[in-house]
Structure formats: C-alpha cells, structure tokens
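One structure is given below, encoded as structure tokens.
Along the sequence shown, residues carry numbers from 1. Each ligand, and each atom within it, is numbered from 1 in the order the structure gives.
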Amino acid sequence: MSPAKFLHELVGSMSQGAAGNPTVAMIEAAFAHHGVHWRYVNMEVTPDDLGVAVRGAKAMGFRGFNCSLPHKVTVIPHLDGLGESAAVIGAVNCVVRRGDQFIGENTDGKGFLKSLETEIDPKGKSVLLFGAGGASRAIAVELGLAGSRLITIVNRSEKRGAELVTLLRDKLKVDAELVVWQGDYTVPTGTDIVINGTSIGLYDAVARLDLALDSLKPGMVVADVIFNPFRTRFLDDSAARGCRAIDGLGMLVNQGIVGVEYWTGITPNADVMRKALEAAMGL
Ligand code: NDP
C-alpha cells in the first residue's frame, strides 16, 4: 500500500480559543505570494489532547506548527528536541520538522530582535525591559544571546522578575539586574533601548506605563510588544520626546517571517505579510 500523499505541505497553529487567528491570513499570504503549495491551518487543541495532536501532526506529515498559550511550555515533553533559545527560555511557539524529528523553537524573541535591528544593534547596549512574563523572557534571552551589555528588568512581581534575572545571569552570563516596579520609574541616563514587554496597553490605547516621561531622552530606541492597538500611548509619548519608536505589529510579522523561513527555507516578503495581517485585524 502506498503512503498517503498530500497535495500541499502542511503547517499549522495549535491554540485554544483563538478562532479567526489573524496570523493564518499572514502566513497564507506569504505562501501565495511565493507560489508555494503549502497550507497553514488553525487547529483548536485542548490541553488534554496536546500529546495526541502532536503525534497526529507528525504522523500526517506536517512540516511544523506554531503553538500559543496554553501550550507553549506543555508541548516540550512531546517534542524530539529544542533549539538554543527555546531551551534557555523554556517555552516553544514554533515547531519545525527536521528529518524525522519535531524540534521546538521560540520565534517571539527572534521576531522582536529582527524589528529592533531595523533601528539599533543591541550588541553592547544597555537595555531596560518592563515585564518578566513569557514575551519578556523570550526578548531578554535573545538580547542576551545578541550580546547586550546590561539588561535591567523592571517588574511588578519580584518573584517573576528575579527568576528572569537569575536565568540571564546563570545560563547566559549576562549582566542583569532587577528593579521591583513601584510608582513612576525613572529611566537611568545612558540607557540605549527601552522596551514594554508587559500586557499594559493591550486593547487599551490610553493605558499608561508608570514611567517618568522626562527620563526618556531623544535618540533612545523605544519598543512595545503590544500589537493591538499597534500605536500605543507609550510609543506616542516616547516619539513626542524624540525617541525612535518600534511597534509590536513588526514583532508579530517578524516571528511569522522566522517561522516561514524555518519551515520552507524561503525568506518571505515582509510587506505582503504585514498588509495581510493588518487586513485580517481590520487595521
Ligand atoms: P504574561 O502574562 O506572561 O506577562 C505579563 C507581564 O505584564 C508580566 O510581567 C506582568 O507583571 C506584567 N503586567 C501585566 N499587567 C500589569 C500591570 N497592570 N502593572 C504592571 N505590570 C503588569 O504575558 P506575555 O508575556 O505572554 O505577553 C505580554 C504581552 O505581549 C501581551 O499583551 C501579548 O499580547 C504581547 N505579545 C506580543 C507579541 C508580538 O508578536 N507582538 C508576541 C507575544 C506576546 P507581573 O509579573 O507582576 O504579573
């Protein structure tokens, strides 16, 4: 009996409660633009079914898949190995078939860095990062791997902040420090890059970061992970102070670009993907 054959190569997104995931339109636009016969399909997977879903994807010849919350950590035992940053971060959002193995990668931080590098090379720079959750962890690890000189984590919860600082110091030998966030934070003189890695501003264009705005100086590079709205109050306030602002939509597009590169070997057209994402999000 001949093995089952697909008309298309398949990749997917394993998520829960993410029907209408706008990244589907973005990835499929890239496939269409480059004329490759691939499909990207969204699959609702419950935590209980994750293991069987991963085995099923492998058995059916999927070339990989993205996974989002709540699967980013729990998917790891079901995989054959991890890429360098995914191993340090301890979370996976992109799985890639290499030979007969499913390898977990983390493209969140890589996507962020691709965006950041349009304005500044983080090597040797002093970085201030608000937040210590999943997105911040991915960003901080990539900054560490890229050779940032100092990473200061400013986080509301001391426990989560301390865990991230310990990870940066112990696993990457990066100079990192923690500030527990209380009241308006003053950005130290000499900071090169300021990042909002928290969820403050998500679906809320007027949400404010507790930050002394006059400590933001012209020339600093300021970036936000928030992609909806993609123009946040933090970015507007920073741009008004002469900072160079980078939005979170670029990070989302770039993590998609890294995923397509991993799966297909093609470097996709960023404009096509951003336009498709904006259309799917109604922007
Ligand atoms: P987590 O829940 O893991 O972390 C949330 C972080 O925000 C924590 O550091 C938390 O602090 C902090 N935080 C939340 N509310 C407040 C508040 N009111 N005051 C101070 N700190 C606060 O979320 P993720 O890291 O996974 O995601 C963060 C954001 O990044 C989300 O909005 C998500 O949409 C976005 N994101 C964007 C991506 C992109 O491609 N642009 C990719 C991935 C995520 P504490 O530890 O004290 O609770």
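One finds a salt bridge joining Arg208 and Asp210 here, because a Lys/Arg side-chain nitrogen approaches an Asp/Glu carboxylate oxygen to under 4.0 Å. Classification of Glu105 and Arg98 as a salt-bridged pair holds, one side-chain N sitting under 4.0 Å from a carboxylate O. Ionic pairing of Asp192 and Lys217 is not present here: no N-O contact between side-chain nitrogen and carboxylate oxygen is shorter than 4.0 angstrom. Asp236 and Arg241 are not joined by a salt bridge, as no carboxylate oxygen comes within less than 4.0 angstrom of a charged side-chain nitrogen.
Arg274 forms a cation-pi arrangement with Phe230, by the criterion of a distance under 6.0 Å to the ring centre and an angle within 45° of the ring axis.
Every protein residue with a heavy atom nearer than 4.0 Å to ligand 1 is included here: Asp108, Gly131, Ala132, Gly133, Gly134, Ala135, Asn155, Arg156, Ser157, Arg160, Trp181, Gly197, Thr198, Ser199, Ile200, Leu202, Val225, Ile226, Phe227, Gly248, Met251, Leu252.
Using modelled atom types, one finds a donor on one side chain and an acceptor on the other under 3.5 Å when comparing Thr232 with Asp224.
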